[in-house]
Amino acid sequence: MDNIKLNVPLLKKRVPNLTSAARSVGLRPATVSNLCTGKIPVGRSEVRTLVALATLAKCSLDELVIRNEPITILETKIKAVDLFAPIAKGGTIGLIARPGMGQLVLLGEMLHRFKEDNYVSILFKPKGQYPELADLLKDVDHITNSIEETYHLICELATNNNEIILATDREHVISGEIFDLQNRIQLQNVEDVTTFLVDLKGQVVDEELPYGPLETLLYFDADLAARNLFPAINPIYSTSSVLEGNHLDEFHFSIQLHARKLLRRFRELRSLVSVRGMESLPSSELEIYRRGERLEAYLTQPFIIAEDYTGRTGESVRLVDAINDVQTILSGGLDAERIENLIYIGSL
């Protein structure tokens, strides 16, 4: 049953406001979201849930449940992203952050790196004035101002076999324009447009399902940002459909799972230490705390586009190296290493 999945594009087309529609038929929006991302395998879902979704989409179960095609990972060489929330080529990626957490810096860094890999990027501009977009524009190849302009540009670029990255603001999700665009380009057999969604107003943090179904969710962490540990990606809440099914290398899957568990416990212990001090930790927890500190430090990374600002040379880390480095930390190979030597480095 691992080779089947929901036909998410069909759901988006037939049921634009999936959150409200799901509630109207007694389904939990979180359950529907997890089914769409693959977090809940279709084979383990309740039949009544699938029947309800098929009814909403006015389609048969055969149209709703389709064979699971292989997913291609877009390697960013950004440790926290590739380890915990890999980018699915042709997928939709949502960034959840309040202003000041570095979401535009991360997006700008990814656009810069994709450009070096010969991807063509498009920014579908939001309405209004957003001066913070100025730095992002340096690595954007095309800027569009309407859904029609964006559609025709994508079709033109696809004709020339360009790999395409589309970035836009949540306002175009709320209006339904992005879902309409994705449907139209799929009808033209253009399937590999990777879409990044940001929220310049910072309102998505307070919503249960801010963008609708996503392939990748990058959740930013206020505590990491406050301590200047960037990219401030929360490794516990960030996730990707790539992590489900058989899309991920078994060793990668195991390492990221153990790393999440360690970081979750480290955060609990850190809250205790901040109130009662290190002496409050039982000796059995000291090892977990120290390894959590080192892993958290290792996941920071200097960005290429921020070199002039930070004075640090940008670092790229291959996924295979990041996995091996994290394994070293988890197994205690860096227990004696100073934290300062692990912050803002590339690979070990």
Side-chain angles (χ1 to χ4, degrees), residues 12 74 76 78 81 87-204 210-212 214-216 218 220 231 303-309 314:
K12 289 179 179 178
L74 293 186
T76 66
I78 299 171
V81 173
I87 305 298
K89 183 179 180 181
T92 303
I93 299 92
L95 282 70
I96 295 186
R98 296 193 190 279
M101 290 186 182
Q103 66 167 331
L104 289 181
V105 177
L106 176 65
L107 178 58
E109 181 74 7
M110 288 192 287
L111 291 178
H112 180 87
R113 291 166 184 256
F114 290 140
K115 187 171 186 176
E116 291 183 337
D117 291 333
N118 298 315
Y119 279 78
V120 178
S121 60
I122 303 169
L123 174 65
F124 180 13
K125 283 191 69 176
K127 298 176 179 65
Q129 299 298 316
Y130 292 97
E132 60 267 37
L133 289 175
D135 290 336
L136 193 69
L137 301 181
K138 297 174 184 176
D139 287 294
V140 171
D141 297 305
H142 301 276
I143 300 171
T144 59
N145 296 285
S146 71
I147 199 72
E148 285 299 319
E149 184 184 0
T150 308
Y151 170 72
H152 289 297
L153 176 58
I154 288 174
C155 290
E156 178 186 342
L157 292 171
T159 301
N160 297 320
N161 296 319
N162 288 291
E163 303 280 8
I164 303 168
I165 301 291
L166 172 65
T168 192
D169 182 69
R170 182 175 177 249
E171 71 172 36
H172 298 305
V173 176
I174 295 173
S175 68
E177 290 178 299
I178 284 299
F179 300 127
D180 291 341
L181 175 64
Q182 290 175 329
N183 179 51
R184 290 175 68 186
I185 62 177
Q186 284 171 357
L187 291 175
Q188 297 298 322
N189 294 319
V190 179
E191 298 179 351
D192 287 338
V193 178
T194 305
T195 305
F196 287 87
L197 305 175
V198 297
D199 173 36
L200 296 173
K201 295 179 180 178
Q203 297 173 337
V204 296
Y211 294 116
L214 297 168
E215 276 68 43
T216 302
L218 292 172
F220 287 70
F303 281 174
I304 299 167
I305 65 168
E307 288 178 346
D308 291 341
Y309 176 73

Side-chain contact, heavy-atom cut-off 4.5 Å: [X] with [Y]?
| X | Y | value |
| --- | --- | --- |
| Leu111 | Tyr119 | no |
| Leu74 | Phe114 | yes |
| Asp180 | Ile147 | no |

Atom pair [atom1] ([X]) and [atom2] ([Y]), whose distance is rounded to the nearest 0.5 Å:
| X | Y | atom1 | atom2 | value |
| --- | --- | --- | --- | --- |
| Ile305 | His112 | CD1 | NE2 | 8.0 Å |
| Leu166 | Thr150 | CG | OG1 | 6.5 Å |
| Met101 | Arg98 | CE | CZ | 6.0 Å |
| Glu116 | Ile304 | CD | CD1 | 5.0 Å |
| Tyr151 | Thr144 | OH | OG1 | 14.5 Å |
| Ile96 | Gln203 | CD1 | CD | 13.0 Å |

Flag, side chain of [X] to backbone of [Y], donor-acceptor distance under 3.5 Å:
| X | Y | result |
| --- | --- | --- |
| Tyr211 | Leu95 | yes |
| Asp169 | Glu171 | yes |
| Thr216 | Ile93 | no |
| Arg170 | Val198 | no |
| Asp141 | Ser121 | yes |

How about Thr92 and Gln182: does a side-chain donor come under 3.5 Å of a side-chain acceptor? yes

For the residue pair Glu177 and Ser175, confirm or rule out a side-chain donor-acceptor distance under 3.5 Å.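 The answer is yes; a qualifying pair exists.
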
Parallel, tilted or perpendicular: which describes the rings of His172 and Phe124, with under 30° parallel and over 60° perpendicular? parallel

From Leu133, Leu137, Ile122, Leu153, residue fulfilling side-chain contact (heavy atoms from CB on, under 4.5 Å) relative to Ile143: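 Only match with Ile143 under side-chain contact (heavy atoms from CB on, under 4.5 Å): Leu137.
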
Lys125 with Glu149: basic N within carboxylate O range, under 4.0 Å: no

Is the shortest distance from a Lys or Arg side-chain nitrogen in Glu163 or Lys89 to a carboxylate oxygen in the other one below 4.0 Å?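 Salt bridge between Glu163 and Lys89, a charged N being under 4.0 Å from a carboxylate O: yes.
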
